[in-house]
Q: 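Got a structure here, written out as structure tokens. Questions coming.
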Amino acid sequence: MENNLLTAFFVPNSTFTRQLYRYKDEVPLYIPPKMEYLGHTQTATYMTGPRLGGSNPQTFLPSISTMQSSYKSYDTYPAPSPLRRSLTTLPWRPSTYYQTARVNPSSALTRSVPEPFSAKNQLSDLDNVKVPPVFAAARNALYTRYTPNDWMTSNQGNYLASDRVRSLAERLRLDTVRLCRETDDKTKRTQSDVGKRLGERLGDIQFWKTEVQHETDNMITEINALQEAKRVLEKSLAETENPLHISQECLYHREKRQAIDLVHDNPERELIKEVDIIKRCQEKMRNTIERANVQLGLCRAAQHELEKDSGDKFIAQSLDEQCHCLRNSSRGIAFHNGVHRIDNTVSVPESWAKFSNDNIQRSQSERAASKQMRNEIESVLNSCANEMWQEWNSVNVALNQRIQETTDARNRLQTHLSKVLQEIFDMEKNIELLKKAIQDKQAPMQVAQTRLDTRIRRPNVELCRDPVQHRLVEEVGEISETVESLQAKLRMAENSLQELLRTKASLEQDLSIKNNSLFIDREKCLGMRKTFPMSPRVVSV
């Protein structure tokens, strides 16, 4: 079937749909609508012209020109810019309202069709039907309409919105009831928990108050004991002057030693230590009295802090007991707006407990220091006497050891001096041997270098790096290394000879110094230190 088709407006529920578009053979020409997409160009089915070349010249609708000159270069309908995608853009799917029809392509369509059976438009079988316009006027009228899908979508949206709002309202009611119950239970649990915590707090306060009071009693007892110990110490300060003079005299005599023997040796360290011990013992007694006074002040300060902490805890315990007795039916309760925003606290439970614990620890520390001070006062005289006596013996032992060491050193110096003289003689002979060995290596070096120089003159390809060449090069290197090692040994031997000569002179000087040191330590120092110049008493507190 060759037919020329043009899109026409489809009107439901009319005779137009029953008798439109038939061939002369009474064969129905109705073709189901083709779905078009929004935004089609002018090549869409409802905008194309008639197909030429058909066998039946009679058509129902006039032809539409397909010339480019018949198209408008702009849209004449007042549609908003988002809908103006092309020259034929419509806000619905046009194929819903258009069906195919036979047309007569001999006449061009330039305006809306006025009458169905006019001679000009050549329409037939269309009764009481006007084809709607396809250009600007018709499209402007059709913009205000909606599709059935839009209508159904709007209704469905209303249904869903209603369900959603009702669901939210129902959920809000259930949440409100649940929230009221939860808040009531939470308030009761909170008040019960606060009462429980107040009881625990009262127990904590009572515990720490008892600990503080107990520590206060212990501190008062310790202060009295420290005062008695200090009184005893003040009577025992003046017994440490006699050994100091002897120790200083020994130091003055040992300053007369000469050169290398003027050394900070063990006897000198012990003498200095003895002087320091004697002075330190005297100073220790003075400092002990001063520290006892300071310790008394610290103990009294710790006692004051304990008493203040105990008083604060008594007040806090009274206030918390009052709070613990309050109920919803108690008298005297009232609103205090904004009181929960006032935070005048200065501690947390950890720091609160730490404060009392620190006071107790401080008191315990001060009591331990006071007890240590009493023990020190008790033992200071015994320790000073023992230290001075032990140091006196240590100085004597160090002097004897030093005398023995000096005597041994003098004897060894004499032995080493004789050995050094013999070594000087041997080293001179060794130097002569090294010089001769170096001189003997000159001839082999000349031979090897001469051979290498001669072989360099070989012609052309005969200038081969053969095993002879390799060995000659190795020979030159070996002789050079040997000469270098011998020269290094020679330098070392000469340096050693100089060292031996310097050592000989040093040994001879040391012999005279050692004899002087032996006289000072043996005759002058030990002569004064035969007996201990004092007998300190052991004082018991």
Q: If you round to the nearest 0.5 Å, how far is CZ of Arg173 from CG of Leu168?
A: 12.0 Å

Q: Provide the closest heavy-atom pair for Ser347 versus Trp352 in the form atom of the first, atom of the second, distance.
A: OG-CB, 3.9 Å

Q: To the nearest 0.5 Å, how far apart are CG in Leu202 and CG in Leu319?
A: 10.5 Å

Q: Check salt bridge (charged side-chain N to carboxylate O under 4.0 Å, His left out) between Glu484 and all other residues, then give those that pass, not counting sequence neighbours.
A: none

Q: Is there side-chain contact between Gln449 and Met445, with heavy atoms separated by less than 4.5 Å?
A: yes

Q: Is there side-chain contact between Asn158 and Ser162, with heavy atoms separated by less than 4.5 Å?
A: no

Q: Is a donor on one side and an acceptor on the other found under 3.5 Å between the side chain of Glu366 and the backbone of Gln295?
A: no

Q: Considering only heavy atoms from C-beta outward, does the side chain of Leu417 approach that of Leu413 to under 4.5 Å?
A: no

Q: Mind listing the closest non-hydrogen atom pair of Ala302 and Ser363 along with its distance?
A: CB-CA, 4.1 Å

Q: So which of Gln322, Gln206, Arg201 actually passes side chain to side chain contact (heavy atoms under 4.5 Å, CB included) with Gln317?
A: Gln206

Q: Tell me whether Ser192 contacts the main-chain N or O of Lys188 through its side chain, where contact means a donor paired with an acceptor under 3.5 Å.
A: no

Q: What's the spacing between Cys525 SG and Ile403 CD1 if we round to 0.5 Å?
A: 8.0 Å

Q: Using every non-hydrogen atom in the two residues, find where Gln258 and Ile513 come nearest and quote the distance to one decimal.
A: O-CG2, 3.3 Å

Q: Looking only at side-chain N and O atoms, does Gln442 offer a donor or acceptor that is under 3.5 Å from a partner on Gln446?
A: no

Q: Does Leu421, at its CG atom, have more than 12 non-hydrogen atoms belonging to other residues, nucleotides or ligands within less than 6.0 Å?
A: yes

Q: When rounded to the nearest 0.5 angstrom, what distance separates CD in Gln401 from OG in Ser394?
A: 9.5 Å

Q: Judged by atom type as modelled, is there a donor-acceptor pair below 3.5 Å linking the side chain of Thr183 to the main-chain atoms of Cys180?
A: yes

Q: Let me know which of Glu391, Glu387, Arg280 forms a side chain to side chain contact (heavy atoms under 4.5 Å, CB included) with Lys273.
A: Glu391

Q: For Gln487, is the CD atom crowded, meaning more than 12 foreign heavy atoms sit under 6.0 Å from it?
A: yes

Q: Taking atom CD of Gln303 and atom CG of Asp217, what is their separation to the nearest 0.5 Å?
A: 9.5 Å

Q: Looking only at non-hydrogen atoms, find the nearest pair between Ser310 and Val212 and report the distance.
A: CB-CG1, 3.9 Å

Q: Check this for me: does any side-chain nitrogen of one of Glu474 and Arg471 sit under 4.0 Å from a carboxylate oxygen of the other?
A: yes

Q: Listed by chain and number, what are the side chain to side chain contact (heavy atoms under 4.5 Å, CB included) partners of Glu290, not counting sequence neighbours?
A: Asn287

Q: Would you check if the side chain of Ser330 reaches a backbone N or O of Arg327 as a donor-acceptor pair within less than 3.5 Å?
A: yes

Q: I'd like to check Trp208 versus Ile360 (side-chain heavy atoms, cut-off strictly below 4.5 Å). Are they in contact?
A: yes

Q: Would Lys279 and Asp276 satisfy salt bridge (charged side-chain N to carboxylate O under 4.0 Å, His left out), going step by step from the backbone distance to the final call?
A: CA-CA 5 Å; Lys279 292 181 178 180; Asp276 292 339; over 6 Å; no

Q: Any side-chain to backbone donor/acceptor pair from Asn516 onto Ser512? Under 3.5 Å, distance only.
A: no

Q: Which residues satisfy the salt bridge (charged side-chain N to carboxylate O under 4.0 Å, His left out) test with Arg412, sequence neighbours excluded?
A: none

Q: Between Lys429 and Glu432, does any side-chain N to carboxylate O distance fall below 4.0 Å?
A: no

Q: Testing the basics here: between Val420 and Leu500, what is the closest heavy-atom pair and its distance to 0.1 Å?
A: CG1-O, 3.4 Å

Q: Got a sec, which pairs hit salt bridge (Lys or Arg N to Asp or Glu O under 4.0 Å) with one end in residues 393-402, sequence neighbours left out?
A: Asp265-Arg402, Arg402-Glu405

Q: Evaluate the side-chain contact (heavy atoms from CB on, under 4.5 Å) criterion for residues Met388 and Asn393: first the C-alpha distance (whole Å), next the side-chain angles of each, then the deciding distance (0.1 Å), finally the verdict.
A: CA-CA 9 Å; Met388 288 188 292; Asn393 292 331; over 6 Å; no

Q: Does Arg231 reach the main-chain N or O of Gln227 with its side chain, forming a donor-acceptor pair under 3.5 Å?
A: no

Q: So that I can tick it off, tell me whether Arg178 and Asp175 are bridged by a salt bridge, with the cut-off set at under 4.0 angstrom between side-chain N and carboxylate O.
A: yes

Q: Keeping Arg367 on the side-chain end and Glu222 on the backbone end, is there a donor-acceptor pair under 3.5 Å?
A: no

Q: Is the number of heavy atoms from other residues, nucleotides or ligands under 6.0 Å of Met528 CE greater than 12?
A: yes

Q: Could you check if a side-chain atom of Arg291 sits within less than 4.5 angstrom of a side-chain atom of Glu376, using non-hydrogen atoms only?
A: yes

Q: Using atom types as modelled and distance alone, determine if a side-chain donor or acceptor of Asn411 lies under 3.5 Å from a backbone N or O of Thr407.
A: yes

Q: Any luck finding a side-chain donor-acceptor pair between Asn328 and Gln191 under 3.5 Å?
A: yes

Q: So does Leu172 get a backbone contact from the side chain of Thr176, meaning a donor-acceptor N/O pair under 3.5 Å?
A: yes

Q: The criterion is salt bridge (charged side-chain N to carboxylate O under 4.0 Å, His left out); which residues satisfy it with Lys354, sequence neighbours excluded?
A: Asp358

Q: With a 4.5 Å cut-off on side-chain heavy atoms, are Trp392 and Ile246 touching?
A: yes

Q: Salt bridge between Arg197 and Glu200, side-chain N to carboxylate O under 4.0 Å?
A: no

Q: Do Arg374 and Glu228 come within less than 4.5 Å of each other through their side chains, counting heavy atoms only?
A: no

Q: Hey, are Lys436 and Asp440 close enough for a salt bridge, meaning a charged N less than 4.0 Å from a carboxylate O?
A: yes

Q: Among Glu215, Glu211, Lys313, whose side chain to side chain donor-acceptor pair (under 3.5 Å) with Ser356 holds?
A: Lys313

Q: For Leu472 and Ala448, which heavy atoms make the closest approach, and how far apart are they?
A: CD2-O, 4.4 Å

Q: So Glu268 and Arg257, salt bridge (charged side-chain N to carboxylate O under 4.0 Å, His left out) or not? Walk me through it.
A: CA-CA 12 Å; Glu268 185 173 355; Arg257 293 173 296 171; 2.9 Å; yes

Q: Find the distance between NZ (Lys489) and CG (Asn430) and round it off to the nearest 0.5 Å.
A: 9.5 Å

Q: Would you find a donor on one side and an acceptor on the other, under 3.5 Å apart, between the side chain of Ser379 and the backbone of Asn375?
A: yes

Q: Compare all side-chain heavy atoms of Asp521 with those of Leu526 and state whether any distance is below 4.5 angstrom.
A: no

Q: May I have all residue pairs that pass salt bridge (Lys or Arg N to Asp or Glu O under 4.0 Å) and include part of residues 497-517, sequence neighbours excluded?
A: Asp261-Lys514, Glu499-Arg502, Lys504-Glu508

Q: Are Ser247 and Arg529 close enough, and set up right, to give a side-chain contact (heavy atoms from CB on, under 4.5 Å), and what steps lead you there?
A: CA-CA 9 Å; Ser247 300; Arg529 301 182 63 86; 3.9 Å; yes

